[in-house]
Amino acid sequence: MDYQKLAELLYKDVSKTPADIEAEFPPRSLPEGAKVTRFAPSPTGFVHFGGLFPTTVAERLAHQSGGVLYLRIEDTDAKREVPGAAEALIRTLATYGINFDEGAIIGENGKITDKGAYGPYKQSLRGDIYHVFAKQLVKEGKAYPCFTTEEELEELNKQNKKEEIKNTDWQAEAEARRKEMLERRNFTIEEVEAHLAAGDPFVLRILADGDPDKKVKFTDLVKGNMEIPENDEDFVLLKSDGIPTYHFAHAVDDHLMGTTHVIRGEEWLPSLAKHLQLFRYLGFKTPKYMHIAQIMKLDENGNKKKLSKRDMGANMDDYTEMGYCPEAVCEYVMTLLNSNYEEWRMQNPDKSYTEFPFNIKKMSVSGCLFDFNKLNDVSKNVISKMSAEDVTEKVSAWATKFDAEFGELLLADKDYAEKIFAIGRGGKKPRKDLATWKDAKPYMGFFYDKYFEIEAPYPESFEKEDIKAILSDFNDAFDASDDMNVWFDKIKAIGEKYGYASDMKAYKASPESFKGNVADVSMFIRLAVTGKINSPDMYSVMQILGKEKVCERIAKMIASL
RNA sequence: GGCCCGUUGGUCAAGCGGCUAAGACACCGCCCUUUCACGGCGGUAACGGGAGUUCGAUUCUCCCACGGGUCACCA
């Protein structure tokens with residue numbers, strides 16, 4: 001076979017050589033140890049949690065080492081492309097602290113533009129580049145055209161399944177496949193010429209030289225040493241529309257763009273042999289690989305399953321809607337990514353997570369289950385450290401978008417809202433009531449008449465008459481100008497009057513000699529004023545609500561009993 | 001089914017030949033308390049199974065089981 005001739009036949013318009021291309025993509029000059037990483041999404045949908053994971057690793061590794069994080073759009077599948085997805089992806093990532101130094105970024109006009117010297121960063125615009133390398137491979141007898149159409153392939157597979165092979169017999173199917181594959185390698189230049197003359201479409205396949213009985217040694221930075229069988233599958237390099245498959249584009253682009261670390265989900269591990277082979281064929285140095293364990297969820301049978309796009313919690317935009325702040329999500333992601341992160345956080349409560357020395361060795365090799373309990377806990381801590389002003393602003397922003405009526409109310413009197421959120425905030429032991437912005441309404445909605453409602457009746461263990469009397473006495477005694485001590489002394493005194501202990505120690509010593517204690521008395525008042533069994537500090541609540549409202553609510557409660 | 005990866009409490013996880021097998025979340029209890037919280041202290045709970053190597057295995061090797069991933073002109 002005259003490969004030189006074959007290459008000319010197939011790619012007669014390609015005049016550049018690999019050397020020409022290499023000259024256009026000179027090696028980066030970066031300090032020793034600087035890592036070049038990337039996020040390479042296909043614009044087919046939203047960012048999902050599983051995608052934020054490797055991306056965060058890529059971002060940390062690049063920026064921690066003084067390297068480069070770039071974004072490359074892998075739009076090689078026109079059929080699946082979703083318009084606007086790339087822009088949405090970039091925006092979402094930005095809210096989670098992932099900012100790109102280079103690559104496809106959003107320009108001032110709101111459209112995607114290139115930034116950096118290694119573009120274009122959209123694979124659909126790099127056709128010429130791939131073709132140069134494709135031609136070279138053909139020339140070297142490492143790739144060949146295949147004129148079997150998609151329909152024919154499908155038909156072949158169908159037949160395999162129909163004839164004596166049960167649809168579960170993978171082995172037989174694989175063998176049959178392999179036989180066909182080998183078949184396709186047999187062709188003559190004349191046949192190719194004829195096909196071309198007839199305008200038949202073709203794909204370019206690699207001529208795989210691997211022996212699956214032999215293993216390639218490989219070291220993954222996360223998974224460690226492993227051995228994988230050599231690849232013997234003539235996989236597709238260029239699709240019939242001339243656009244490369246992921247495999248081919250990955251090899252060419254990551255080499256040309258100077259990626260030092262390829263960070264991706266472990267679902268890529270099975271195709272690693274292909275990539276290694278490709279890099280070898282192309283004469284490229286292989287980058288370092290990090291295959292990150294997947295985030296899992298529990299399926300209906302209680303088994304772990306990869307968190308897929310349709311799952312709740314998969315779409316990062318869901319978190320926004322649920323009211324999680326990005327800082328909290330990042331914080332949670334970090335705890336999952338590095339096992340010593342939480343320890344570091346305890347020692348450095350006020351530092352940004354970007355100051356944490358991210359360590360590849362501290363990464364988990366197995367997939368973890370998403371845990372909302374943990375996220376909530378992390379989130380409560382994050383929010384508890386924010387200022388009242390900050391919280392007010394963020395809750396308002398969230399509400400405006402997802403609970404317009406509530407949002408309007410908050411915005412109508414910002415100072416009022418801020419006063420509310422200031423309760424118990426600051427200091428060494430701040431309250432931790434909010435895990436999400438969505439929690440704000442149930443937490444403090446009672447401050448607004450619109451959302452005020454009695455959530456539970458008084459426990460039956462207490463005498464209604466006592467409650468009425470206590471409420472009534474309190475209403476008479478309440479003076480908004482009292483300081484906290486005076487205010488509470490009054491409550492204690494009222495309690496005592498009706499047989500409720502004001503001294504907790506005395507009460508505990510002999511609970512039977514009392515009807516209850518101050519906590520119960522406070523609860524009577526709390527329920528009347530806030531409608532809830534749990535609420536922030538009553539004194540602060542009353543200060544903000546004001547005498548009129550407090551007394552009005554208490555009177556109403558008395559009347560209803 | 002082939003191949004690859006994985007398996008310490010309910011969850012996330014330390015461990016890297018010798019420990020009463022950390023810690024965090026969740027759950028439970030107690031304490032503190034001028035209410036609600038915060039906080040403090042404590043508790044329940046784990047090395048998938050079997051061989052081997054070794055004086056000694058959670059840790060090393062092999063086998064099995066289980067779980068996951070993957071087998072496209074999708075990434």
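In what follows, every chain begins at residue 1, and chains take the letters A, B, ... in the order their sequences are listed.
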Is A:Asp241 salt-bridged to A:Lys239, cutoff N-O under 4.0 Å?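 So A:Asp241 does not pair with A:Lys239 through a salt bridge.
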
Any side-chain heavy atom of A:Arg205 within less than 4.5 Å of one from A:Cys146? yes

Going by the glycosidic torsion and a 90 degree boundary from 0, is the base of B:C55 oriented syn or anti? anti

Would you say NZ of A:Lys288 has more than 12 non-hydrogen atoms from neighbouring residues, nucleotides or ligands within 6.0 angstrom? no

Hey, does the side chain of A:Ser502 reach the backbone of A:Lys492 with a donor-acceptor pair shorter than 3.5 angstrom? no

Between the main-chain N or O of A:Met386 and the side-chain N or O of A:Arg425, is there a donor-acceptor pair closer than 3.5 Å? yes

Nearest-nucleotide check on RNA chain B, A:Met523 vs A:Asn225; residue mapping nearer the 5' end is A:Asn225

Hey, which sits more toward the 5' end of RNA chain B by its nearest nucleotide, A:His247 or A:Ser522?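 Of the two residues, A:Ser522 wins.
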
Whether A:Lys79 contacts B:A75 is assessed here as follows: a side-chain N or O lying under 4.0 Å from the phosphate OP1 or OP2. Is that the case? no

Can a side chain N or O of A:Thr76 be found less than 4.0 Å away from OP1 or OP2 on B:C74? no

Let me have a per-nucleotide readout for nucleotides 38-43 of chain B, 5' to 3', with B, S or -, counting only protein heavy atoms under 4.0 Å. SS----

Output one letter per nucleotide in nucleotides 6-14 of chain B: B when a protein non-hydrogen atom lies under 4.0 Å from the base, S when only the sugar-phosphate is that close, - when neither is. S----BSSS

Between [N] ([atom2]) and [X] ([atom1]): distance, integer Å:
{"X": "A:Arg80", "N": "B:C73", "atom1": "CZ", "atom2": "P", "value": "14 Å"}
{"X": "A:Met444", "N": "B:C36", "atom1": "CE", "atom2": "C1'", "value": "16 Å"}
{"X": "A:Ile73", "N": "B:A75", "atom1": "CD1", "atom2": "C1'", "value": "14 Å"}
{"X": "A:Glu151", "N": "B:A72", "atom1": "CD", "atom2": "C1'", "value": "14 Å"}

Partner residues of A:Val365 under the side chain to side chain contact (heavy atoms under 4.5 Å, CB included) criterion, sequence neighbours left out: A:Val222

Closest to the A:Thr245 side chain: B:U33, B:C74, B:C25?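 Looking only at heavy atoms from C-beta outward on A:Thr245, the closest nucleotide is B:C74.
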
Would you indicate which nucleotide in B:C74, B:C73, B:A24 comes nearest to any side-chain atom of A:Val236?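 In terms of side-chain proximity for A:Val236, the closest of B:C74, B:C73, B:A24 is B:C73.
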
Assess the residue pair A:Tyr498 and A:Asp473 against the criterion (side chain to side chain donor-acceptor pair (under 3.5 Å)); give the C-alpha distance rounded to whole Å, side-chain angles, the decisive distance to 0.1 Å, and a yes or no. CA-CA 11 Å; A:Tyr498 295 96; A:Asp473 281 14; 3.0 Å; yes

Kindly say whether, by distance alone, the side chain of A:Ser42 makes a donor-acceptor pair under 3.5 Å with the base of B:C74?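 When only heavy-atom distances are counted, A:Ser42 does not reach the base of B:C74 through any donor-acceptor pair under 3.5 Å.
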
Tell which nucleotide pairs with B:G39, taking only Watson-Crick or G-U wobble pairs whose two distances are both under 3.5 angstrom.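 Answer to the pairing question: B:C31, which forms a Watson-Crick or G-U pair with B:G39.
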
